[in-house]
Amino acid sequence: MNVVIRRMTLKDYDSVIALWKQGDIPYRPQGRDSKEDIRWQLRRPTSLYYVAEDDGVIIGVILGTHDGRKGWINRLAVTPEYHRKGIAKRLVEEVEHHLAAEGIDIVACLIEDWNAASMQVFDRLGYTKHDDILYFSKRKNNKI
């Protein structure tokens, strides 16, 4: 295995979307996950988007962001053949490293309640589950 972690580029878009679909990660092609929106996100200094490659094939992805005080991990996915090989851990650590370099000490993630596999990953990586927090959002439209 010759896995390299690197910054995501727009050329990775189709492979990343395929990986999300493979992992049953909700995908909104008409909104925030459109190629144009991803292009915009990749240009943002607060976007820490990384892919894991094995011999040029994308096998993992993570989207990290921050608001200046708290870091967020979103859309962590690893192709099933590479599960339990430390790829998710390396991707999370890459984002954590860059957040720490920005002086951000708090890192959080949002996981759908059906996604037990992701909960196990983050539990193993030392994250604390908070059952007392409810998530609210306000959206301009249903496409986001």
Side-chain angles (χ1 to χ4, degrees), residues 1-29 31-79 82-141 143-144:
M1 209 169 49
N2 186 25
V3 176
V4 174
I5 307 293
R6 64 167 175 79
R7 285 269 189 169
M8 181 182 162
T9 69
L10 196 59
K11 291 178 185 177
D12 302 322
Y13 179 81
D14 291 334
S15 296
V16 165
I17 298 306
L19 194 55
W20 287 348
K21 287 179 179 178
Q22 185 179 38
D24 290 327
I25 291 177
Y27 165 61
R28 293 178 176 81
R32 68 179 179 215
D33 300 325
S34 71
K35 195 167 192 175
E36 277 308 307
D37 276 17
I38 296 291
R39 178 190 322 272
W40 179 82
Q41 293 165 40
L42 287 168
R43 293 181 182 149
R44 309 279 304 157
T46 57
S47 294
L48 302 168
Y49 293 10
Y50 293 91
V51 294
E53 281 185 329
D54 188 10
D55 290 327
V57 176
I58 292 176
I59 55 143
V61 62
I62 191 168
L63 304 187
T65 60
H66 70 84
D67 61 14
R69 68 180 201 53
K70 183 185 287 185
W72 291 94
I73 292 177
N74 299 286
R75 305 291 179 95
L76 173 62
V78 175
T79 194
Y82 287 84
H83 284 188
R84 299 202 172 262
K85 296 185 187 239
I87 306 303
K89 179 181 180 188
R90 286 183 57 193
L91 286 164
V92 169
E93 288 174 345
E94 187 72 21
V95 171
E96 290 173 340
H97 169 76
H98 288 280
L99 290 169
E102 294 285 330
I104 296 170
D105 298 352
I106 300 169
V107 183
C109 60
L110 298 173
I111 303 171
E112 288 87 359
D113 63 357
W114 55 264
N115 195 337
S118 286
M119 287 184 227
Q120 290 173 355
V121 167
F122 283 96
D123 183 58
R124 283 195 304 271
L125 293 175
Y127 284 70
T128 302
K129 181 180 177 187
H130 297 273
D131 291 323
D132 59 333
I133 297 173
L134 298 175
Y135 173 69
F136 287 77
S137 69
K138 184 176 183 179
R139 300 165 191 248
K140 287 191 319 187
N141 60 48
K143 296 178 183 178
I144 298 174

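Computed from heavy atoms alone, side chains included, the values below leave out hydrogens, waters and symmetry copies. Computed from a prediction, not measured in an experiment: that's the story for all the values here.
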**Prompt:** When you look at W72 and K70, which way does the side-chain contact (heavy atoms from CB on, under 4.5 Å) test go after all the steps?
**Reply:** CA-CA 7 Å; W72 291 94; K70 183 185 287 185; 3.5 Å; yes

Under 4.5 Å between any side-chain heavy atoms of [X] and [Y], yes or no?
| X | Y | result |
| --- | --- | --- |
| Q22 | L19 | yes |
| I59 | I87 | yes |
| L63 | W20 | yes |
| Y127 | V121 | no |
| T9 | L42 | no |

To check you understand the geometry: which heavy-atom pair defines the closest contact between [X] and [Y], and what is its length?
| X | Y | answer |
| --- | --- | --- |
| S34 | P29 | CB-O, 3.2 Å |
| K35 | Y13 | N-OH, 3.3 Å |
| L99 | T65 | CD2-O, 4.0 Å |
| L91 | V61 | CD1-N, 3.7 Å |
| R32 | D37 | CA-OD2, 3.3 Å |

**Asked** Is a donor on one side and an acceptor on the other found under 3.5 Å between the side chain of E102 and the backbone of T46?
**Response** no

**Message:** Treating T79 as the side-chain partner and Y82 as the backbone partner, does any N or O pair qualify as donor plus acceptor under 3.5 Å?
**Reply:** no

**Asked** Does atom CG of D105 have more than 12 heavy-atom neighbours from other groups under 6.0 Å away?
**Response** no

**Asked** Would you find more than 12 non-hydrogen atoms of other residues, nucleotides or ligands less than 6.0 Å from R124 atom CZ?
**Response**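 Yes, enclosed.
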
With rounding to the nearest 0.5 angstrom, report the [atom1] to [atom2] distance, [X] to [Y].
| X | Y | atom1 | atom2 | result |
| --- | --- | --- | --- | --- |
| E36 | I38 | CD | CD1 | 11.0 Å |
| N115 | F122 | CG | CZ | 9.5 Å |
| I17 | I58 | CD1 | CD1 | 10.5 Å |
| E112 | M119 | CD | CE | 8.5 Å |
| D131 | L134 | CG | CG | 10.0 Å |
| I25 | S118 | CD1 | OG | 6.5 Å |

**Request:** Answer yes when D33 and R75 have at least one side-chain N-carboxylate O distance shorter than 4.0 Å, and no when they do not.
**Result:** yes

**Message:** Between R90 and E93, is the salt bridge (charged side-chain N to carboxylate O under 4.0 Å, His left out) condition met? List the steps.
**Reply:** CA-CA 5 Å; R90 286 183 57 193; E93 288 174 345; over 6 Å; no

Validation: residues 1-8 side-chain donor-acceptor distances under 3.5 Å, sequence neighbours left out:
{"from": "R6", "atom 1": "NE", "to": "E53", "atom 2": "OE1", "distance (Å)": "3.3"}
{"from": "R6", "atom 1": "NE", "to": "E53", "atom 2": "OE2", "distance (Å)": "3.4"}
{"from": "R6", "atom 1": "NH1", "to": "D12", "atom 2": "OD2", "distance (Å)": "2.8"}
{"from": "R6", "atom 1": "NH2", "to": "D12", "atom 2": "OD1", "distance (Å)": "2.7"}
{"from": "R6", "atom 1": "NH2", "to": "D12", "atom 2": "OD2", "distance (Å)": "3.3"}
{"from": "R6", "atom 1": "NH2", "to": "E53", "atom 2": "OE2", "distance (Å)": "2.9"}
{"from": "R7", "atom 1": "NE", "to": "Y50", "atom 2": "OH", "distance (Å)": "3.3"}
{"from": "R7", "atom 1": "NH1", "to": "S47", "atom 2": "O", "distance (Å)": "3.1"}

**Message:** One pair to check against side-chain hydrogen bond (donor to acceptor under 3.5 Å, both in side chains): H98 and E94. What are the steps and the verdict?
**Reply:** CA-CA 6 Å; H98 288 280; E94 187 72 21; 3.0 Å; yes

